[in-house]
Amino acid sequence: MRLDKLGDFQRTHKNGELRLTHVGQTVRLLGWCKKARNLGFLIFIDLRDRWGVVQLVANAETASPELLAKLQEVRSEFVLGVEGVVAEREAKNPGMVTGDIEIRITDLKILNGAQTPPIPVDDSTQEANEDMRLKYRFLDLRREKLQRNLILRSEVANVTRNYFRKNDFIEFETPILTNSSPEGARDYLVPSRVHPGEFFALPQSPQLFKQLLQVSGFERYIQICRCFRDEDLRADRQPEFTQIDVEMSFVRPVDVQTVIEGLMVELTPLIDKHVTAPFPRLAYRDAMEWYGSDKPDLRCTIRIQDVTATFEQSEFNLFRAAAESHGQRRVRGLWFPGEVAGSYSRKQLDELGDVAKHYGAGGLPYAKWGKDGLSSSFKKFLDANAEAALKAALGAEGEGLAVFAVGTDEQTSKVLGELRLRLAKALGLMDLTKFEFLWVVDFPLLEWNEEDARFIACHHPFTSPHPEDLELLDTNPAACRAQAYDLVLNGFEVGGGSIRIHDAETQSSMFRAIGIGPEEARAKFGHLLDALSYGAPPHGGLALGLDRLVMLLAGVDNIREVIAFPKTAQARCLLTNAPSPVTSKQLRELRIQTTQPQQYRAGVMFFESVPAELQAPLSALRTLSMNQATSTSTMVLDGEIVKVETSRIPGPESDD
RNA sequence: GGGGUUGUAGCUCAGUCGGUUAGAGUGCCAGCCUGUCACGCUGGAAGUCGCGGGUUCGAGCCCCGUCAGCCCCGCCA
């Protein structure tokens, strides 16, 4: 196939913008063949570009033989340049933005051909499996759905930059090659060639730098920055992700929150939603008590109820034991009203029980009020009085289903927090079109870590204690609240931040509380402690997860749908095959040895006569030292004397 | 680190109790077709049943191992 040159050919219009008003105009268009429909004497081509799709048409009776020959060659995803005249269609397509018109082709350039795509590029057919989509991401990204998501992402970034600029923020870039931090997630490390044995770490966030910029007096900082965490992935987590990172001087939590609320008010119109500020505030303790989660989905209004007291006199040992535990363990429950809930089948309840077990419960006690009255896994312990008391404690009326969990607050919150959402979704008790923002505030400052037998920072070690709880830091660390706040949207944590510690003394006592000694603190955070001692202003900030935010705005349930080139759940890029082995030369320069087992290839040569030296079978491998590519030895194999030649199998691109 | 699930034609999937030549839709190729837009009609090509081992007279199906995708728990200041 002969390709045409682009030459000076340029488009006069975008494909998606042509309308009846353009009829009669000669236009030049560029794009990809979305679909060619050859009806014999009539040929239609749907031409796609970034802005839309328009139909091209040619008639065999009027078109030149050269043009017809070219049109016969066009296949899906060919790159075309077209000259033609805009005409009103005989048969209009109301399902298409440009459906009133078509382009009568006068000239066609085939700028490039295309192999048959291995995955459908069309949104109308079922999409391919995700490994295929990731391997051929450049084709997958041609689909309207993904183009829409990524264009939305671009819009969100733009609105964000404009918003912060309008509010007098300064945009910074902070280092990608920085120091490993002892707290928090696992770091991605980068070896230093110049300093053998030493490593940079990729930033988990620009936390320290944005604080230092406050010490420098910039007062209002913004960065849309890439962050890296080497932890296992989820549908809403990638090893590298983007934060909208914000820091401000001389602020209270409400000041930071107000700025962020203003941004959300400007972002939601991008998807024709509107939210009003201020957003509700919910204390961490209440969030856990009512919703069993520190990121409650308020699209469901059902709350967890404490029904422990109802079982104080009960014959039901499991529940009564909790009632007698002086608050160590409690019985908590959820009430789902309605006929559908009240007629939940045994099978459905069994499935729910499996879910409860998955989240650490022993089983799922339930009470169901349906057409035939009460049915419950502990019915024999429920006389009429106990039943009435239970209904009152749950706030239950009419038909419906109640499920229970017993145990520590941590255990019951986990189970009921999950069941609340599952059942509400299954029973249609949630308005999924809503956007429910809220702030979860007053997080604990520290939490006890069993593994290390010490307290660790819930948020990060630079978070300021709540002013009312300052003295608790030394006396009762677990009870000390933090000036930390999370922005939650529809059950997702889309951002989190805090007021920071701004004096060296408080920062030192914080390090002390989490078991970082003075030497380690000096070694790891000396620059921060120094900075705090040179007139650091009170400051605080927040970071928003851009990927998650765009995911929710785009209405998709996976972060990969809003990232151009995402990684798999095993943190691998199927497009580039990263990560991959490097040459031994590269490793030598970095003074790095791997403990990965080396692979060897062994060849065997049979002798006709007995050689002088006989060695143990493994000597060939043993003598294969660092700098040798091959080694030979002799051995006895099935009574015969053989020569074994062993060679190390090099990694790809090895220069050894 | 653990659990669940998936892997069969380019793609999406079906494949019964272990039994003849592994099917469908779509895509692709060819021919026909003057108003299609998921074009239509006719015909055709197309398979390492993820990979390796085992059981069996016989394995897409059963067993063991392994690789990869997805989801979840742990983890993610």
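If you measure from atom CD of A/Q126 to atom P of B/A38, you get 18 Å, rounded to the nearest angstrom. A/I559 places its CD1 atom 11 Å from the P atom of B/C71, with the value rounded to the nearest Å. Atoms CE (A/M96) and P (B/A38) sit 10 Å apart, rounded to a whole Å.
Look at the C1' atom in both B/A45 and B/G53: the space between them is 34 Å, to the nearest Å. Look at the C1' atom in both B/C17 and B/A59: the space between them is 14 Å, to the nearest Å. Annotation: B/A14 and B/G35 have their P atoms spaced 39 Å apart (nearest Å). Taking atom P in both B/C39 and B/U20, one finds a spacing of 38 Å when rounded to whole Å. Look at the P atom in both B/G44 and B/G15: the space between them is 27 Å, to the nearest Å. Here, B/G58 and B/C62 have their C1' atoms 13 Å apart, quoted to the whole Å. To the nearest whole angstrom, the two P atoms, one in B/U8 and one in B/C70, are 16 Å apart. For the C1' atoms, the distance from B/A30 to B/U21 is 25 Å, rounded to whole Å.
Distances from the side chain of A/K414 to the nucleotides B/C71, B/C28, B/G74 place B/G74 closest. Side chain of A/R234, nearest nucleotide from B/C72, B/C76, B/U12: B/C72. Checking B/U36, B/C11, B/C76 against the side-chain heavy atoms of A/M132 singles out B/C11 as nearest. Which of B/C71, B/G35, B/C11 sits closest to the side chain of A/A128 comes down to B/C11. Residue A/R104 places its side chain closer to B/G35 than to any other of B/C70, B/G35, B/C72. Nearest to the side-chain atoms of A/R560 among the listed nucleotides B/U36, B/C76, B/C71 stands B/C71. Comparing atom distances between the A/E130 side chain and each of B/C76, B/G35, B/C70 picks out B/C70 as nearest. Closest contact between the side chain of A/D232 and the listed nucleotides B/C72, B/G35, B/C75 involves B/C75. When each of B/G35, B/A30, B/A38 is scored by its nearest atom to the side-chain atoms of A/S124, the top-ranked nucleotide is B/A38. Set against B/C75, B/C71, B/C37, the side chain of A/A569 has B/C71 as its closest nucleotide.
Listed pair A/N38 / B/G31 fails the phosphate criterion, with no side-chain N or O lying under 4.0 Å from OP1 or OP2. Under 4.0 angstrom from either OP1 or OP2 of B/C29 there lies at least one side-chain N or O belonging to A/R75. Side-chain N/O atoms of A/N93 include none lying less than 4.0 angstrom from OP1 or OP2 on B/U36.
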Inset, instruction - Would you sort out whether A/R481 and A/D469 count as a salt bridge (Lys or Arg N to Asp or Glu O under 4.0 Å), showing the intermediate values? - result: CA-CA 6 Å; A/R481 286 172 300 168; A/D469 297 352; 2.8 Å; yes
Legend entry - side chain to side chain contact (heavy atoms under 4.5 Å, CB included) between A/Q483 and A/S498, worked out: CA-CA 6 Å; A/Q483 287 198 81; A/S498 64; 5.6 Å; no
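The backbone N or O of A/L108 lies less than 3.5 Å from a partner atom in the side chain of A/K70, making a donor-acceptor pair. At least one donor-acceptor pair closer than 3.5 Å links the side chain of A/N149 to the backbone N or O of A/E561. The backbone N or O of A/K14 sits less than 3.5 Å from a side-chain atom of A/E17, completing a donor-acceptor pair. Between the side chain of A/K567 and the backbone N or O of A/P239 there is no donor-acceptor pair closer than 3.5 Å. Looking at A/D245, its side chain never comes within 3.5 Å of a backbone N or O of A/Q223 through a donor-acceptor pair. Using modelled atom types, one side-chain atom of A/T412 and one backbone atom of A/D409 make a donor-acceptor pair closer than 3.5 Å.
A salt bridge links A/R137 with A/D140: the distance from a Lys NZ or Arg NE/NH1/NH2 to an Asp or Glu carboxylate oxygen falls below 4.0 Å.
Using a 4.0 Å heavy-atom cutoff across all strands shown, A/P461 reaches at least one base atom of the nucleic acid. Contacts of A/T125 with the nucleic acid, taken as non-hydrogen atoms under 4.0 Å apart, are absent. Here A/F462 lies out of heavy-atom contact (under 4.0 Å) with every strand. The residue A/S181 sits apart from the nucleic acid: no heavy atom pair falls under 4.0 Å.
Environment of CH2 in A/W32: sparse, with no more than 12 heavy atoms of neighbouring residues, nucleotides or ligands closer than 6.0 Å. Within 6.0 Å of atom CG in A/D557, 12 or fewer heavy atoms from other residues, nucleotides or ligands are found, so the atom counts as exposed in its surroundings.
If A/G99 and A/N59 are placed on RNA chain B by their nearest nucleotide, the residue sitting closer to the 5' end is A/N59.
Taking the six-membered ring where tryptophan is involved, the planes of A/F462 and A/H460 are tilted, since the angle between them lies from 30° to 60°.
Residue A/R37 places no side-chain atom within donor-acceptor reach of the base of B/G35, judged by atom type and a 3.5 Å distance cut-off alone. A donor-acceptor contact under 3.5 Å is not formed by the side chain of A/R133 with the base of B/C70. Interface remark: the A/R229 side chain does not form any donor-acceptor pair with the B/C76 base, using a distance-only criterion of under 3.5 Å. Judged by atom type and distance alone, A/Q55 reaches the base of B/U36 through a side-chain donor-acceptor pair under 3.5 Å.
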Taking N or O atoms only and anything under 3.5 Å, show me the protein contacts with nucleotides 66-68 of chain B, one pair per line.
none

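The partner of B/C49 is absent, by the rule that a Watson-Crick or G-U pair needs both atom distances under 3.5 Å. B/U42: Watson-Crick or G-U partner is B/A30, with both key distances under 3.5 Å. Pair assignment for B/C11 gives B/G25, based on Watson-Crick or G-U wobble hydrogen-bonding distances that are each under 3.5 Å. In a base pair of the Watson-Crick type (N1 to N3 plus N6-O4 or O6-N4) or a G-U wobble (N1-O2 and O6-N3), with each distance short of 3.5 Å, B/C61 is matched with no nucleotide. Within the shown strands, nothing qualifies as a pairing partner of B/U20 under the Watson-Crick or G-U definition with both distances less than 3.5 Å.
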Inset, instruction - Classify every nucleotide of nucleotides 42-47 of chain B by which part a protein heavy atom approaches to under 4.0 Å, writing B for the base, S for the sugar-phosphate alone and - for neither, in 5'-to-3' order. - result: ------
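Between A/L546 atom CG and A/Q243 atom CD the span is 10.0 Å, to the nearest 0.5 Å.
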